[in-house]
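Quick caveat: nothing in here was measured; it's all calculated off a predicted structure. Order of the sequence lines sets the chain letters (A, B, ...), proteins ahead of strands, with each chain counted from 1.
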Amino acid sequence: MTIRLYNTMSRKLEEFKPLLPNHVGFYSCGPTVYWDQHIGNMRSFVNSDILKRMFIENGYDVKHVMNITDVGHLTSDEDSGEDKMEKGAARENKSAWDIAKMYTDSFIRDITSLNIIKPTFMPHATDYIPEQIEQIKKLEKLGYTYEIPGDGIYYDTSKFADYGALGGQNLSELRGGLRVDDNGKKNPTDFALWKFSPTDKKRAMEWESPWGVGFPGWHIECSAMSMKLLGPHFDIHVGGQEHIKVHHSDEIAQSEPIVGKPWVNYWVHYEWLLSKDGKMSKSSGDFLTVQDLIERGYDPMAFRYLLLLGHYHQPLDFSFEALDAATNGYKSIIRKVADLITSKGSEHVNDAVYDEWHNKILDTVSDNLKTAEALVYIQELLKDNKVNAATKLKLFEFIDRLLGLQFVNRAQKLLDIESVEAPEEIKKLAEERVKAKAEKNWELADKIRLEIDSAGWNVVDTKDGPKIIKKMA
RNA sequence: GGCUCGGUGGCAGAGUGGUUAUGCAGAGGACUGCAAAUCCUUGUAUGCCGGUUCGAUUCCGACCCGGGCCUCCA
């Protein structure tokens with residue numbers, strides 16, 4: 001199957017060629033664990049999950065690294081702003097380490113409820129301080145660094161000719177605005193590799209280094225951990241589009257002098273989930289989490305379904321209206337899959353038909369993750385009466401592996417609920433209703449139905465008589 | 001200001017140089033005493049103006065509008 005991905009570096013759709021046959025290594029920027037991740041953040045993790053599943057279904061051995069940023073970087077490259085970890089700690093009256101643990105746990109809970117496959121490695125930045133220091137030492141030896149006394153060790157972007165290539169800017173454009181910053185940076189694009197701890201107070205997280213006690217700059221962890229776990233040259237680096245101009249450009253600037261060029265073959269960037277007021281933002285503190293959706297009675301899988309209706313490289317508008325629509329669509333598919341399970345009987349899977357649909361769907365998702373089109377195929381598949389139930393069901397098992405929407409799982413659960421026997425008193429009521437119906441006493445029959453309904457059961461009249469079905473929670 | 005991505009029916013959102021997916025919602029019908037589920041049918045859209053073309057929603061240009069990045073941010 002041909003795999004194609006949009007590479008930010010070339011700004012083109014490119015055919016994917018792995019460094020090692022049937023292996024792919026990719027790195028995705030993970031969360032900074034100082035607060036809950038909102039549903040906009042989740043979009044990117046779902047995107048990475050689809051990317052991974054697509055490779056797996058294409059027979060690749062996937063090595064996926066996602067960092068957990070648990071070290072408090074400053075809120076800018078300057079020596080201003082607050083440390084986010086310490087800010088979170090102050091907000092909740094806990095230590096920075098406790099905050100990191102707490103939000104790492106809630107993050108894992110959220111990605112689990114979205115059926116996201118756990119990354120092969122989820123390294124914590126604080127576990128890789130020696131590696132980060134090692135890299136800074138190398139950059140220092142190569143002449144890319146300078147010190148701002150009392151501030152930190154900085155990377156001199158003017159020494160790196162390709163700086164800004166990822167963001168489509170060249171150095172001269174950037175240097176056009178060259179000025180000496182208040183804190184002594186040589187170029188506006190220069191960034192901290194190592195920050196010194198303030199002399200007047202002790203930081204919650206700080207480490208010894210050849211340059212003095214302090215903490216790493218906010219780009220170096222990704223370079224250190226990706227190289228350590230994926231090797232000096234790997235296939236794919238993904239992230240949100242806001243990282244293109246700063247974080248990823250700086251990662252490249254740090255890494256390529258150390259490992260040579262190219263460092264990463266494909267750069268993939270995700271677009272935003274938008275709310276009515278624009279980009280979802282954590283800054284206001286007013287944002288939705290997966291837990292919020294669950295509390296409002298939504299199925300996280302319906303949210304995942306909503307995300308897959310769009311394309312990762314396109315902004316997607318989130319609204320509860322859209323989520324309701326996705327929920328209805330998702331449930332409707334589950335109902336149909338449940339019907340496949342009950343109607344399949346002893347049918348045999350038609351391998352030729354299976355292959356045809358399997359290839360069509362995998363091909364589509366392999367083409368730059370066109371999940372929306374794959375979902376169209378699902379609708380067509382359900383409607384196609386030339387495909388028997390057993391074959392359809394096997395295809396849904398494949399679709400579940402590829403898209404992670406748990407159709408078969410949910411369908412089986414639905415059937416399990418429907419097969420729960422009603423308690424005696426409900427059965428009795430149902431019998432009374434049958435009598436009322438026989439006497440054409442519709443008023444009474446409807447009254448009894450309401451009674452059964454408020455007890456948590458539905459009466460459905462079928463040609464074999466009434467069925468009593470437990471209502472979904 | 002620089003860079004960038006868009007503007008498709010009520011909502012979400014695809015593809016395509018020539019009959020404009022799909023889902024949800026809506027309408028009508030079948031089934032049902034009524035419901036639910038299911039099935040069938042169905043209406044409604046390509047920001048504006050030029051250009052290329054036999055033909056453009058699709059390609060090109062201008063314009064209008066909107067989102068985003070350029071501090072931290074998926």
Rounded to whole angstroms, how far apart are CG on A:D446 and C1' on B:U32? 12 Å

Which of parallel (below 30°), tilted (30 to 60°) and perpendicular (above 60°) describes A:Y155 and A:F191? parallel

So, the side chain of A:R53 versus the backbone of A:I116: is there a donor-acceptor pair under 3.5 Å, distance only? no

Paired with A:E271, the side chain to side chain donor-acceptor pair (under 3.5 Å) test is passed by just one of A:Q241, A:Q314, A:H311, namely A:Q241

Does a salt bridge link A:K427 with A:E421, judged by any charged N lying under 4.0 Å from a carboxylate O? yes

Once you measure the plane-to-plane angle for A:F398 and A:H358, does it fall in the parallel (<30°), tilted (30-60°) or perpendicular (>60°) bin? tilted

Side-chain contact check for A:K245: nearest option of B:G67, B:C70, B:A74 is B:C70

Electrostatic pair A:D367:A:K370 at N-O distance under 4.0 angstrom: yes

Could you check whether A:H243 gets within reach of a base, just the sugar-phosphate, or nothing at all, counting any heavy atom under 4.0 Å? sugar-phosphate

Convert the base pairs of RNA chain B into dot-bracket notation, remembering that pairs crossing earlier ones are written with [ ] and that bases paired across to another strand are shown as |; include only Watson-Crick or G-U pairs under 3.5 Å. (((((((..(((.....[...))).(((((.......)))))....(.(((..]....))).))))))))....

Could you check which of B:G23, B:C73, B:C70 has an atom nearest any side-chain atom of A:W218? B:C73

Per A:V246 side chain, nearest of listed nucleotides B:C70, B:G23, B:C11: B:C70

C1' atom, B:A45 versus B:U58: distance in rounded Å? 15 Å

Flag the pair A:F320 / A:Y298 as yes when their ring centroid distance falls below 6.0 Å, and as no otherwise. yes

Got a sec, which residues hit side-chain contact (heavy atoms from CB on, under 4.5 Å) with A:D416, two or more places apart in sequence or on another chain? A:Q412

Any side-chain donor-acceptor pair under 3.5 Å between A:D190 and A:T157? yes

Knowing that exactly one of A:F303, A:Y270, A:Y312, A:F107 qualifies, which makes a ring pair (Phe, Tyr, Trp, His ring centres under 6.0 Å) with A:F45? A:F107

For B:A35 versus B:G43, give the span between their P atoms, rounded off to a whole number of Å. 25 Å

Would you find a donor on one side and an acceptor on the other, under 3.5 Å apart, between the side chain of A:D49 and the backbone of A:I117? yes

Under 3.5 Å, which donor-acceptor pairs link side chains of residues 371-384 of chain A to any protein atom two or more places apart or in another chain?
{"from": "A:T371", "atom 1": "OG1", "to": "A:L308", "atom 2": "O", "distance (Å)": "2.7"}
{"from": "A:T371", "atom 1": "OG1", "to": "A:G310", "atom 2": "O", "distance (Å)": "3.3"}
{"from": "A:D384", "atom 1": "OD1", "to": "A:K386", "atom 2": "N", "distance (Å)": "2.8"}

Residue-level proximity of residues 103-112 of chain A to RNA chain B when a heavy atom falls under 4.0 Å: none

Would you please indicate if the ring centroids of A:H248 and A:H237 are separated by under 6.0 Å? yes

Within the structure, does a side-chain N or O atom of A:N41 lie under 4.0 Å from either OP1 or OP2 of B:A74? yes

Closest to side chain of A:Y305, choosing from B:G23, B:G67, B:A25: B:G23

Before accepting this row, confirm whether a basic side-chain N of the pair A:K245/A:D250 lies closer than 4.0 Å to the acidic partner's carboxylate O. no

Grab the N/O contacts between the protein and nucleotides 13-17 of chain B below 3.5 Å, and write none if there aren't any.
{"from": "B:G13", "atom 1": "OP1", "to": "A:D317", "atom 2": "N", "distance (Å)": "2.9"}
{"from": "B:G13", "atom 1": "O2'", "to": "A:L309", "atom 2": "O", "distance (Å)": "3.4"}
{"from": "B:A14", "atom 1": "OP1", "to": "A:H311", "atom 2": "N", "distance (Å)": "3.4"}

Quick one: what's the B/S/- string for nucleotides 36-47 of chain B, heavy-atom cutoff under 4.0 Å, read 5' to 3'? BSSS--------

